[in-house]
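Structure, as structure tokens:
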Number of protein chains: 2
Amino acid sequence: MDDTRWLTEAEQEVWRTFITMLGALVDTLDKQLQRDSALPYTYYEILVVLSHAPDRSLRMSELAGLRGSSRSRLSHAVARLESAGWVERRECPTDKRGSLAVLTDKGFEVLAAAAPGHVTAVREAIFDRLSPEQVRELGRISATVLDGLDPGQCLPGSRELG
Amino acid sequence: MDDTRWLTEAEQEVWRTFITMLGALVDTLDKQLQRDSALPYTYYEILVVLSHAPDRSLRMSELAGLRGSSRSRLSHAVARLESAGWVERRECPTDKRGSLAVLTDKGFEVLAAAAPGHVTAVREAIFDRLSPEQVRELGRISATVLDGLDPGQCLPGSRELG
DNA sequence: CGCATCAGGTTGAGAGTTCAACAAAGCGGT
DNA sequence: ACCGCTTTGTTGAACTCTCAACCTGATGCG
């Protein structure tokens, strides 16, 4: 009946610390962006990805794939970003089903204004506190864990853009 | 004007891998729990914390602090868990403002039924994929990052329960 | 061509979270 | 005892995310 391989004490300790850190980190970054730029973290990420894309535009499904987000979620998010005037929707020239999301100049400015605060928060939370070797190890650990998770969550290309 | 210390290429790579892993991990665990136990991850955590508490009961604010959650969020969550019959609210005997959240037997059973699948998912995602030394390093890294974040996010005691 | 099937995207309802406002009870000084 | 301030917890509205249903256009096949 119970052939579950439970966690050892040490593993539990690591897991609790890790998952607590994770929640606190996301909370901190989200609150910083919300406070300084009135932008949820996930929306910020959409603007970032768009800003790096050719013509600052991407198909909806590409955008969803790159951010590991569902189509539905992205559709709602882009609708909201569009009503703020930061993103525009255009018809896809090669596939009449498709939509292109395009970052507007206004959207780019919002992103440019939000980035310094966000990067500083990330640096203070992570890179100023870890040794260079710890940072490298964190990268290796993250890549290993990521490789083991459902590939549907994040397309291979999701690590090409920054 | 721009004295922001931007991330190096290598740091960006680590950060993107890390944050992508993080999202995919939470998604995976959340979907597993939702599918197998119809339980959001945050609600599962509430049941876990309660199950370890004396008398399986805690003050609302203690519970919120231990899970790094806002009072409001917890209040809504407990209301939902109560309507499912998994948690009960009782008056606090020492402070008439307070509420106690108590895990019911039914709630304990739900938790017991959900735990094996969840632990297995965690083990497969993390502990089966990392070397023992990587696990230790992940623990150290997490603790270091956590210490740097807003202490309001998680009380000191948040790492005493499991 | 005609039809079934599939892929891209949107929509609306329901669930969870956040935020600000609020009520009730404790605390502290006078 | 009284008054103000703090703490505890709840509530309702606004917002985000998920899920299922749906529409449209592409694709495959007889």
Side-chain angles (χ1 to χ4, degrees), chain A residues 23-24 26-35 37-46 57-84 87-102 152-153 155, chain B residues 23-24 26-35 37-47 57-84 86-102 152-153 155:
Chain A
V26 171
D27 249 46
T28 298
L29 297 180
D30 213 42
K31 284 203 165 69
Q32 181 273 320
L33 271 174
Q34 192 77 51
R35 175 168 42 81
S37 308
L39 206 52
Y41 184 63
T42 51
Y43 290 13
Y44 174 84
E45 285 191 312
I46 291 173
S57 78
L58 281 171
R59 291 283 298 266
M60 293 296 282
S61 49
E62 289 181 282
L63 193 45
L66 289 171
R67 278 320 315 148
S69 148
S70 72
R71 296 177 200 285
S72 169
R73 173 175 170 178
L74 191 69
S75 188
H76 285 295
V78 167
R80 205 264 205 189
L81 291 171
E82 191 172 26
S83 79
V87 167
E88 275 179 21
R89 267 189 255 234
R90 298 205 190 127
E91 288 183 3
C92 176
T94 62
D95 186 337
K96 285 178 185 171
R97 293 171 301 180
S99 284
L100 288 177
V102 188
Q153 302 283 352
L155 300 178
Chain B
V26 171
D27 248 46
T28 298
L29 297 180
D30 213 44
K31 284 204 164 68
Q32 181 272 321
L33 271 174
Q34 193 77 53
R35 176 167 41 81
S37 308
L39 206 53
Y41 183 63
T42 52
Y43 289 14
Y44 174 85
E45 285 191 312
I46 291 174
L47 300 186
S57 79
L58 280 171
R59 291 281 299 267
M60 294 296 282
S61 50
E62 289 181 281
L63 193 45
L66 289 172
R67 278 319 317 149
S69 147
S70 71
R71 297 178 199 286
S72 170
R73 172 174 168 178
L74 191 68
S75 188
H76 285 295
V78 167
R80 205 267 207 188
L81 291 172
E82 191 173 26
S83 78
W86 300 336
V87 167
E88 276 178 22
R89 268 188 256 234
R90 299 207 188 125
E91 287 184 2
C92 177
T94 63
D95 186 338
K96 285 178 186 171
R97 292 171 303 181
S99 284
L100 288 178
V102 188
Q153 302 283 352
L155 301 178

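Every chain is numbered from 1, with letters handed out A, B, ... down the list of sequences.
B:Leu81 places its CG atom 13 Å from the C1' atom of C:dA15, with the value rounded to the nearest Å. Atoms OH (A:Tyr44) and P (D:dT16) sit 18 Å apart, rounded to a whole Å. Between the C1' atom of D:dT16 and the CZ atom of A:Arg73 lies a distance of 9 Å, rounded to the nearest Å. Across the protein-nucleic acid pair, A:Leu74 atom CG and D:dT16 atom P stand 13 Å apart, rounded to whole Å. Straight-line distance from the CZ atom of A:Arg71 to the P atom of D:dC17: 17 Å, rounded to whole Å. Rounded to an integer number of Å, the gap from A:Glu82 CD to C:dG9 P is 14 Å. Atom pair B:Arg90:CZ and D:dG9:C1' shows a separation of 18 Å (rounding to whole Å applied). When rounded to the nearest whole Å, the span between CG of B:Leu100 and C1' of D:dT10 equals 16 Å.
Smallest separation of non-hydrogen atoms from B:Cys92 and B:Ser99: CB-N, 4.3 Å. Heavy-atom minimum distance, A:Ala64 versus A:Leu74: N-CD2, 3.5 Å. Shown here for A:Glu91 and A:Leu100, the closest heavy-atom pair between the two residues is O-CD1, 4.0 Å.
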| said: Determine whether B:Asp30 and B:Thr42 satisfy the following criterion, side-chain contact (heavy atoms from CB on, under 4.5 Å), listing intermediate values before the conclusion. | reply: CA-CA 9 Å; B:Asp30 213 44; B:Thr42 52; over 6 Å; no
| side-chain contact (heavy atoms from CB on, under 4.5 Å) evaluation trace for A:Leu63 with A:Ile46 | CA-CA 8 Å; A:Leu63 193 45; A:Ile46 291 173; 4.1 Å; yes
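For B:Ser69, no side-chain nitrogen or oxygen approaches OP1 or OP2 of C:dT17 to under 4.0 Å. The phosphate of C:dG9 has OP1 or OP2 within less than 4.0 Å of a side-chain N or O from A:Arg59. Contact check, A:Arg89 against C:dT10: a side-chain N or O comes under 4.0 Å of OP1 or OP2. Residue A:Ser72 has no polar side-chain atom (N or O) positioned under 4.0 Å from OP1 or OP2 of C:dT10. Phosphate proximity of C:dT17 to B:Ser70: absent, as no side-chain N or O sits under 4.0 Å from OP1 or OP2. The phosphate of D:dC17 has OP1 or OP2 within less than 4.0 Å of a side-chain N or O from A:Tyr43. OP1 or OP2 of C:dG16 sits under 4.0 Å from a side-chain N or O of B:Arg80. When the side-chain nitrogen and oxygen atoms of B:Thr42 are compared with OP1 and OP2 of C:dG16, none of them lie within a distance under 4.0 Å.
Residue A:Arg35 is out of contact with every strand shown, counting any heavy-atom pair closer than 4.0 Å. Across all strands shown, A:Ser99 has heavy atoms under 4.0 Å from sugar-phosphate atoms exclusively, and none from any base.
Residue-to-nucleotide contacts include a donor-acceptor pair under 3.5 Å from the side chain of B:His76 to the base of D:dG12. For D:dT7, its base sits under 3.5 Å from the side chain of B:Arg97 at one donor and acceptor pair at least.
Between A:Arg90 and A:Glu88 there is a salt bridge, with a side-chain nitrogen of the basic residue lying less than 4.0 Å from a carboxylate oxygen of the acidic one.
Both B:Gln34 and A:Thr94 lie near DNA chain D, and the one whose nearest nucleotide falls closer to the 5' end is B:Gln34.
Listed nucleotides C:dG8, D:dT18, D:dT10 differ in distance to A:Ser61; the shortest reach to its side chain belongs to C:dG8.
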